[in-house]
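Working notes, beginning with the structure itself.
Proteins get letters first, then strands, A, B, ... in listed order; numbering begins at 1 in each.
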There are 2 protein chains.
Amino acid sequence: MHQKIEEKMIDYLENLAQCGRTANDGVTRRLYDVFWCDAQQMLTTLCKNAGLDVCHDKVGNLFGRRQGSNPLAKSILSGSHLDTVIDGGKLDGIYGVISALIAIEMLYLEYGQPDKTIELIAFAEEESSRFDYGFWGSKSFLELADLREVSALVDDEGISFLEAMEFALKGLDDIGNRSYKEYAAFIEVHIEQGQILEKSQKRIGVVEQIVGLVCYEFLLKGVSNHAGTTRMDERADAMLTYAEIVVSVTAYAKKEGFVLTFGKIKCTPNSSNIIAGEVFATIDMRAPNTQKLAEYAQHVEKIIYTLSKNNNTTATIHKWLNQAAQKFDTTLIETLTLICEKKQIPYKKMPSSAGHDSQIIAPYIPTAMIFVPSIKGISHSPKEATHIKDLVVGVEVLMELLYELAYK
Amino acid sequence: MHQKIEEKMIDYLENLAQCGRTANDGVTRRLYDVFWCDAQQMLTTLCKNAGLDVCHDKVGNLFGRRQGSNPLAKSILSGSHLDTVIDGGKLDGIYGVISALIAIEMLYLEYGQPDKTIELIAFAEEESSRFDYGFWGSKSFLELADLREVSALVDDEGISFLEAMEFALKGLDDIGNRSYKEYAAFIEVHIEQGQILEKSQKRIGVVEQIVGLVCYEFLLKGVSNHAGTTRMDERADAMLTYAEIVVSVTAYAKKEGFVLTFGKIKCTPNSSNIIAGEVFATIDMRAPNTQKLAEYAQHVEKIIYTLSKNNNTTATIHKWLNQAAQKFDTTLIETLTLICEKKQIPYKKMPSSAGHDSQIIAPYIPTAMIFVPSIKGISHSPKEATHIKDLVVGVEVLMELLYELAYK
């Protein structure tokens, strides 16, 4: 069976990686773009070949259903997201979707029809790599998002969210009704995207919680002026302020032991011989303790304001995401640890420092997450990789859990 | 006469500011774009109304000629550039062109035909705001540039230099032959773009030299990775390296007393939840002493390499411009100071920290530059401004010099 899972895994991953492959051998598959549409089609075909009933909800979340024999029981849901970051890898998100597909297939081959319905889900969007909105798929599934929230959003090319959505969904003729209330459990398999498992030589991570996340956008305003004729002591240089903030805030994060990233910047006018008049930038900061994270965030804001003032520049700060840490279902966590022990798979209970659809689902459906190791911890990069044996173990653990939940 | 110059100045400046006016009330008029074409047409009309013979050379430098009575004498040339930076002001470049036009007009009204031919020039390009090439106008005029150098260049929209050039020049039907060898002197009037004149309460700057200029592009390579799961001590963050370089190099420039600017940055993948894999950026550094500047540049390179290495990132540095300081013609400088003294205009001999067409011309034609004060030193910005009385004084000094050179 191990061999069969491995073959399917390689085959399915390769097929999906074609949907948005980049020049760097990475994948860029953003919400509602043509590659996203390709992936929808590919996944629909794979699900149908596996004998699943496929439908989409009205935002393009894909469901692949293996009907159970007990019509009264709630269903079991497993999957992850279909989209990727810009020039991301071949595993983030889609590995969890493919794991669910293979697990459902293999369980059927082994044990026939389940008692409870098992369903695969491919969330339309999680990464916010096209529009300034994340978890669109899982939030829509839970009826937490609606079109009014996204109607003003446009992507980098000026295409509006609604235009993009209409373009992508117009070809879908299998719209079905799905309510999150139909489900008894949600399980997401995912690559770790860090080095905890690799360094501790474990093959499975049983995720106990997702860390808290605070996201900032901030705008520094100085005075754009001539690079030659403006004396150093007469400048209001937004770029210098930015650089001082990066250095100072990063040192603070290292001292306090939380992770923090300055990943995005836009400088105006962005010309080599003009002093930066404006710098727009972002901060992404995460910590397991929600209360501590709030304290860190407050201090970071203080640093930004202080350094801006010292450089004759001004700062406007917008905290656009403030997400508390989210714990997962203790019964499911317990079941997963028992499975790993029974199968003698080296595992580790751990937090996730990355955000996942699971954290959105967890307050509404009992939820668990299974991690497999990432080689060198690299993710959100074309170099993202996991040993094939570990990808297979992830599916095997998922199969055991689905068996416990849907067949017993 | 003062009143007449003022009226013409306001009128002409306003007309030209319409060619590329931006939402911020600035001007964006880049080489060979539609606004550049508008400005060519506008200037041609103004020159013809003033009785000048207009022609263009094959790159679009515009010449407006007032024929002198002595066919054997070399001509006197005055002007500046037609293009602007992105969202620049209404004076940089075009003020020097308009000053030449008004001076030639007023001299003719006052004294009739000159002995020597006086000619206005509007250089096609100086700012390198569209393509990575500066001084295209003056270098082409001197036969220092040719099409092979620019044939590979494309602008931000992917339009090639040659396409853009063909688009802009196809309508011009007045191509003439001009050789730099025909000219006995070149005088450029320009706004100071700094605060030296304003702070010392002078109205005219007699420019003695242009400072040396070194321009770098550099690329920092780290590893793009997940913002949540990558521990701070495991990162190779190109943005952190960049920030440390900005802070350290800026401190060095302040200590040594030269000007240095980090004006342009491009981060890849530039996503808020991904550690920066690459940062591409620029440095613009200037100093009056060519030898000193070379030493500063060497030290800056050392800082870049050292900090890159400390952060597990790598640096590739490209010094794309290395321009020695350029002195102007001592006889012309002397004549200008005598004019200011005679007319009792408060003036100052000074260096220019900005680059100008004059520095390209100076090795080939005896050259002088006249500065007028910039309010608060602001330039390369929609807020760029000079008091109208000072704009007029600039023209009056130019008229005196042209009179000395072409009428006596």
Side-chain angles (χ1 to χ4, degrees), chain A residues 85-87 127-129 192-195 211 213 215 217 223-234 237 239-240 242-247 250 253-254 259-265 267 269-277 282-284 286 352-355 374 377-381 383, chain B residues 85-87 127-129 192-195 211 213 215 217 223-234 237 239-240 242-247 250 253-254 259-265 267 269-277 282-284 286 352-355 374 377-381 383:
Chain A
V85 296
I86 297 168
D87 219 8
E127 298 283 9
S128 55
S129 57
E192 182 202 336
Q193 310 179 286
Q195 288 190 273
V211 300
L213 169 62
C215 292
E217 290 178 347
V223 179
S224 68
N225 210 335
H226 194 288
T229 55
T230 316
R231 277 168 35 194
M232 295 305 275
D233 59 355
E234 286 167 346
D237 183 347
M239 186 67 87
L240 178 60
Y242 174 72
E244 289 182 359
I245 289 168
V246 173
V247 170
T250 303
K254 284 180 177 173
V259 292
L260 173 144
T261 304
F262 291 85
K264 188 173 181 179
I265 183 170
C267 169
N270 210 36
S271 188
S272 64
N273 58 356
I274 308 180
I275 297 161
T282 61
I283 295 177
D284 174 303
R286 310 181 191 215
S352 168
S353 297
S374 290
I378 297 173
S379 184
H380 282 189
S381 156
K383 292 183 187 137
Chain B
V85 296
I86 297 168
D87 219 7
E127 298 282 10
S128 55
S129 58
E192 182 202 337
Q193 310 178 286
Q195 288 189 273
V211 301
L213 170 61
C215 292
E217 290 178 347
V223 179
S224 68
N225 210 335
H226 193 288
T229 56
T230 316
R231 278 168 35 194
M232 295 305 275
D233 59 356
E234 287 166 346
D237 182 347
M239 185 67 88
L240 178 59
Y242 174 73
E244 289 182 359
I245 289 168
V246 173
V247 170
T250 303
K254 284 180 177 171
V259 292
L260 173 144
T261 304
F262 291 85
K264 188 173 181 178
I265 183 171
C267 169
N270 210 35
S271 187
S272 64
N273 59 355
I274 308 181
I275 297 161
T282 61
I283 295 177
D284 174 302
R286 310 182 191 214
S352 168
S353 298
S374 291
I378 296 173
S379 183
H380 282 189
S381 155
K383 292 182 187 138

Which value, rounded to the nearest 0.5 Å, describes the distance between [X] atom [atom1] and [Y] atom [atom2]?
X      : Y      : atom1 : atom2 : answer
A/H226 : B/S381 : NE2   : OG    : 12.0 Å
B/R286 : B/L260 : CZ    : CG    : 10.5 Å
B/L213 : A/N273 : CG    : CG    : 8.5 Å
B/I275 : A/H380 : CD1   : NE2   : 10.5 Å

Can you tell which of [options] has the highest number of heavy-atom pairs within less than 4.5 Å of chain B?
options                        : answer
A/A243, A/G194, A/S374, A/G377 : A/A243
A/T282, A/V247, A/T261, A/T250 : A/T261
A/D233, A/D284, A/V246, A/N225 : A/N225
A/K264, A/E217, A/M239, A/K254 : A/K264

Is chain A contacted by the side chain of [X], its backbone, both, or neither, given a heavy-atom distance below 4.5 Å?
X      : answer
B/D87  : neither
B/V259 : both
B/S379 : both
B/E234 : side chain

**Request:** With a 4.5 Å cut-off on heavy-atom pairs, point out which of B/S129, B/A354, B/A227 contacts chain A the most.
**Result:**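 Max contact count across the listed options: B/A227.
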Pairs of heavy atoms under 4.5 Å with chain A: top-ranked of B/C215, B/S271, B/P269:
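Most pairs with chain A among the choices: B/S271.
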Side chain / backbone / both / neither for A/S353 at chain B, heavy atoms under 4.5 Å: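 Interface part for A/S353: both.
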Heavy-atom proximity to chain B below 4.5 Å, by part of A/S224
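Both parts, heavy atoms under 4.5 Å.
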Q. How far apart are the closest heavy atoms of B/C267 and A/I265, and which atoms are they?
A.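 Scanning both residues completely, I find the closest heavy atoms to be CB-CG2, 3.8 Å.
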Can you sort out the partners of B/S272 under side chain to side chain donor-acceptor pair (under 3.5 Å), two or more places apart, ordered by chain and number?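 Counting only residues at least two positions away or on another chain, B/S272 forms no side chain to side chain donor-acceptor pair (under 3.5 Å).
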State, yes or no, whether a side-chain contact exists between B/E127 and A/I274 at a heavy-atom distance under 4.5 Å.
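They are not in contact (no side-chain heavy atoms under 4.5 Å apart), so the answer is no.
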